[in-house]
Every structure is written in C-alpha cells, then in structure tokens.
Amino acid sequence: MRGRMWRLAIYLFLLGFILNLLGIVTHVVVSSFAKRWFGKPLPPAFTTDWFAYAWREFELPHVLFITLFIAMAVVLIALAIGFPAAYVLARRNFNAKPVLLLLYFLPLLIPQMTYGIPLATTLYGFGVGGTVLGVVLAVLVPMVPLAVFILLPFFEQISLNLEWSAQMLGASRLQIFRRILLPLMLPGILTAGLLVLVNTISNFELAFLLAGGGSQTLVVALYYNVFAGGVRPVYSIDAMAVIYMCTVLSVLLVALRFVRPTQMVFRLDGKRD
Amino acid sequence: MARIRSDSRSELDLVAILCLAPSLLYVLAMFVYPFLYGIYISLQPKKPGAGIFANYVAFFSDAYQYSTIKTTFMLALPTTVAVVLVALFLAYGMRRGIWFERTITTILVLPISLGVVFLSEGILGFYGHNGWLNQLLIAAGLIENPLELTHNSIGVTFSLFMQNFPFCFLMLLGYISGIDPSLESSARMLGAGPWTIFRRVMFPLIAPGLIIAFALVFVMSFAVFPSAVMVGQPAGSTRTISIAAYQQAFEQYDMSYASAIAVIMGLCQLAALVLIVLVRRRMTIATTMGVGKR
C-alpha cells in the first residue's frame, strides 16, 4: 500500500514536470505563429510571417552559418586534441595522472561564468575577443575535457591484447592507430562528437562573453534580441527561439540514436554500465 | 593509491607525452593562465595610485556590490536543497527501474539541451503575468489576481530548478542504481521496514554521492547569470554576483574590478566546496563506523 502511494507520487511528479516542460515549449511555439496575442488562452489568428521576419531582420542565415561554423570547428579541434590525450590517460600509468585528471575536470566543475570573465579579459587583451576565433577558443575550454572524459571509457573497453597482438605481428604505431583503434573507437568518437556539438550549440555563457557583432551564435543572438524587447515584436523573438529549438533538437535526435541519455551527464564514480 | 601497485613506475615515453601535450597546453594556456592573470590584474586597480587591494576594498565597502553575495546565496541555497531533495526522492523510488525509463530520462535531458535562454523565454510566457498558468487558475476560480511568478526570485529559482534538476537526478539515479541490491534484500530479510532500510542501509551508502551532487548543483547555481537577467529582476532582487561582475566588465569596462569580483565569486564557490567536502569526510567516517569492522 505504502509502496503504491510512493510510486504514485513519483509518477505524479514526473507528469507535472513533463506537463510544465511541455507548457513552456508549446507556449513559445504557439506564440511564434500568433498574429497578435494578448491575454487570451490562444491567439485569435495564426500566421507564419514572423519566421520570415526573423529570418530577414535578425540576419538568421548569417547567424546560423556562424553557429554551425563555430560548432564544427569546436568539435573537430576537441576531438583532435582530446583523442590522443584520452588514449594516454586510459592506457598509461604515471605519477601525475590524478593531478592531470583533476586539471581536466576543473573546467567542467567550475561554472563558466567564473572563469569566463578572466578568460574574456585575456582573449580581449590578445585582440581575439569579439571574433569567431575568440568564441571558438573560449568554448573549447570546457569541450576539450568533455571530449577526453567521454572518450576515456571507450578506450578502456578496448582490450590491450589487440594492440599487443598487432604489435607482435609487426604493425607500426600508425597502423595500429588506423587499422585497430580508429575503427573500434568509432562509436566513442561519434558519441563525443555529438555531445560536444549539442553542448557547443547551446553554450551560452562563454559564447556570450566572447561574441562581438559578427560572431554571435544563435543563442547569443536570441538573448540580445530578447533585450531589444520593445523594438522587436515578441512573436518574432519566439520564432527565432523556435528555429533555435529545431536546430538543437535535430542534433539531439541524431545524438539520442547513438547515446544513452544518462551519458549526457557525468557519473559520480568511474563506474559505467 | 598508485604506490601500492607494483607497476606504478612511470609509463610515459616520448609518444605519450606528445599525445598529451596539445590538450594539456590548451588547458594550461586557456584555463590556468587566464585564472592567474585574472587574479593578477584584479590587484592592479584602474585608478592610479590606489593600493593593490583597492578593488576588493571597493567591493566590500559598497553595499550595492557586497549584497550580491547574499542575494546569490539566498537564490542558490534553496534551489540546491529543493533540487537535491526532489532528485533523491525520485531516484530512490526509481532505483529498480520503472516503466518507460528511457523515454522519461530522454524527456528529462531536454531542458539541459534546450539551453537557458529558450527556457527563460518559455517560462516568461507560461508562468508570466498573463501566462497560461495564471489564465488557467483564474478561469478555474482559484485565484482572483494573477500570481507574480516571474521577474522576481521565484522565477529565477524555478528556472534554476529546471536546469539543474535533470542533471542532478540522472547523476543520483546512476549512483543509486549502482548500489548492490542484495544489501537491501538482506536488510529486508532481517526484518527491516522500508524506512529503516532507507535510513540505516541505503542513505549512508547514498550520502557520499548525494554530497557531490549537492556541491555541483550549488556551485552551478551560484554562478547563475542568464536566468537571473531574463526571468529575474536584474536591477534589484536578483542582482547576483555574476551580474555585478558582468556589469563591471562590459558596461564600465573596468576589467580589473570585474576580475576582482570574479575572484570573489570563485572564492565563495571554493569555500562552499571545501565546506561540503569536510562534511563528506565526516559522513564517510560515520558510514564506515556504522558498517562495522572490515
């Protein structure tokens, strides 16, 4: 009896959470299609004009291009420098390893706003603040460790024997990498790449602190337009928010085909199932 | 730990070092260096002739600035407690799996990936003055005047809850479902009721993970910026410390003062972490004592 009440409470809470999430998302979607909407449960008339308006007025083609460019650059660089590091951290033992792991963990643990301001100061000092390069460099700070920590368990799953056998059969390091590690690591690379992609597109703090006029990503542009409030009709901002949501969701849907949702957050311990 | 193993000798050769170098250099150059540089320039005030601690003195002698610490704390602490308690309750109830588990976890991940700006925009529409919730409650005759749920600290707490809850929940679910179920069945066989099992067996095992989750959520909430601006009242009741830092950096262009505030923010988070780790150490000792001699 008590167990049943408990279970009921859990489902009720989940239902509430989902309904509230649904309400929040639907409200933005409905508002983006509204002709005019004030104080009524539903807008009296619908239109798709706001999407055209947002597309034109907010320079969305440019913003989308910048966002995708930054995201792809971050994914490629994070994988390129995270992959070898994850390999060494998974395979080798050395005294400084715990220190190194902690160092890599810190950018994920410390909020981006805390280290973002000194980082922005430094990058502006070097003259790359406000440029696309600045945004890429800043967003990479948490994304490189993220890629390392996602790739690490995938490396640990690959038996060392495979590498040893290949070595015994005369394979060079490059051959081992190309013929054995790379094919076996494909799921890991895919997972890491997709998660870094989702996180980069939805990253706000660092992109915001470093973005200048021409280097705003979609979220940052959305944020600035919310504050241009009085000038911009709220429906057009919601239309932009819907475009943003569709971008994130489409990447996420692809990601969820390969990734378990629990992999999206870090585990407390090293264990993985 | 590493010393116990016999093969603890260093296995770093040139190739391994070359593999580590790019990422290590990146973290050092883009994370460690800016941090140190931030501390350094926070000690170089903009005003000529001022002492090296002038920015810190200015911060702590200006009520408008130092009150942001309290404001932030009063936002972050209740949010963290709520997030952790609800997540514990849910994760504990779901430890042996539930229906539609994958669907539910997927839905819970959505707010993380939607991002804070979209969430805030939706919260303004849904919970706002003329939002759906108020319209519904008024139509149902439950209230007469709309509830003010946004543009104040309630809205920010709510937004923070939405962002941090999924994160905390999934972490705890992973942690709790990793606990050996045979411990629980043994306790049940020895006649323990559900409450005793939770209090005497499961909670001590969950506590270390719970404390880490608490620490992570608290630190994240303490840095709240976008939701405090969008759904809060950034000039008044939700002027958090990151807003203060941002204003100095990008409205006053005083990078030195801004870095000082960022350092203070970092120190507050560090203080909270240290405190939490100390609590954890005490609790872990208590746990091993409770379990008995090994």
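Labels below follow one simple rule: chain letters A, B, ... track the order of the sequence lines, proteins then strands, and each chain is numbered from 1. Fair warning: this is a prediction, and the values are worked out from it, not measured in the lab. The figures here come from the full heavy-atom set of this structure, side chains too, leaving out hydrogens, waters and symmetry mates.
- In this structure, A:T200 has no side-chain hydrogen bond (donor to acceptor under 3.5 Å, both in side chains) partners at least two apart in sequence or on a different chain.
- In this structure, chain B has a heavy atom under 4.5 Å from the side chain of A:E205, while its backbone stays farther away.
- Ranking A:L249, A:N20, A:L14, A:L209 against chain B, the residue ahead of the rest is A:N20, based on heavy-atom pairs under 4.5 Å.
- Interface summary for chain A: among B:L28, B:V117, B:L18, the most heavy-atom pairs under 4.5 angstrom belong to B:V117.
- Counting heavy-atom pairs closer than 4.5 Å to chain A, the top residue among B:G93, B:G266, B:S120, B:A139 is B:G93.
- Between chain B and the options A:I18, A:D238, A:L140, A:V219, the largest number of non-hydrogen pairs under 4.5 Å is found for A:L140.
- Only the backbone of A:R91 comes within contact range of chain B, with heavy atoms under 4.5 Å apart.
- The part of A:A120 that comes within reach of chain B is its side chain, from C-beta onward, which places non-hydrogen atoms under 4.5 angstrom from that chain.
- The greatest number of non-hydrogen atom pairs below 4.5 Å with chain A, out of B:A21, B:G38, B:P111, is found for B:P111.
- Heavy-atom distances place no part of A:F83 under 4.5 Å from chain B, backbone and side chain included.
- By number of non-hydrogen pairs under 4.5 angstrom with chain A, the leading residue of B:Q135, B:M94, B:Q269 is B:Q135.
- Annotation: maximal heavy-atom pairing with chain B below 4.5 Å, among A:I201, A:V251, A:L22, A:L137, occurs at A:L137.
- Comparing A:V248, A:T121, A:V29, A:V148 by how many heavy-atom pairs each has under 4.5 Å with chain B, the most go to A:T121.
- At a 4.5 Å heavy-atom cutoff, the contact between A:L106 and chain B is made by backbone and side-chain atoms alike.
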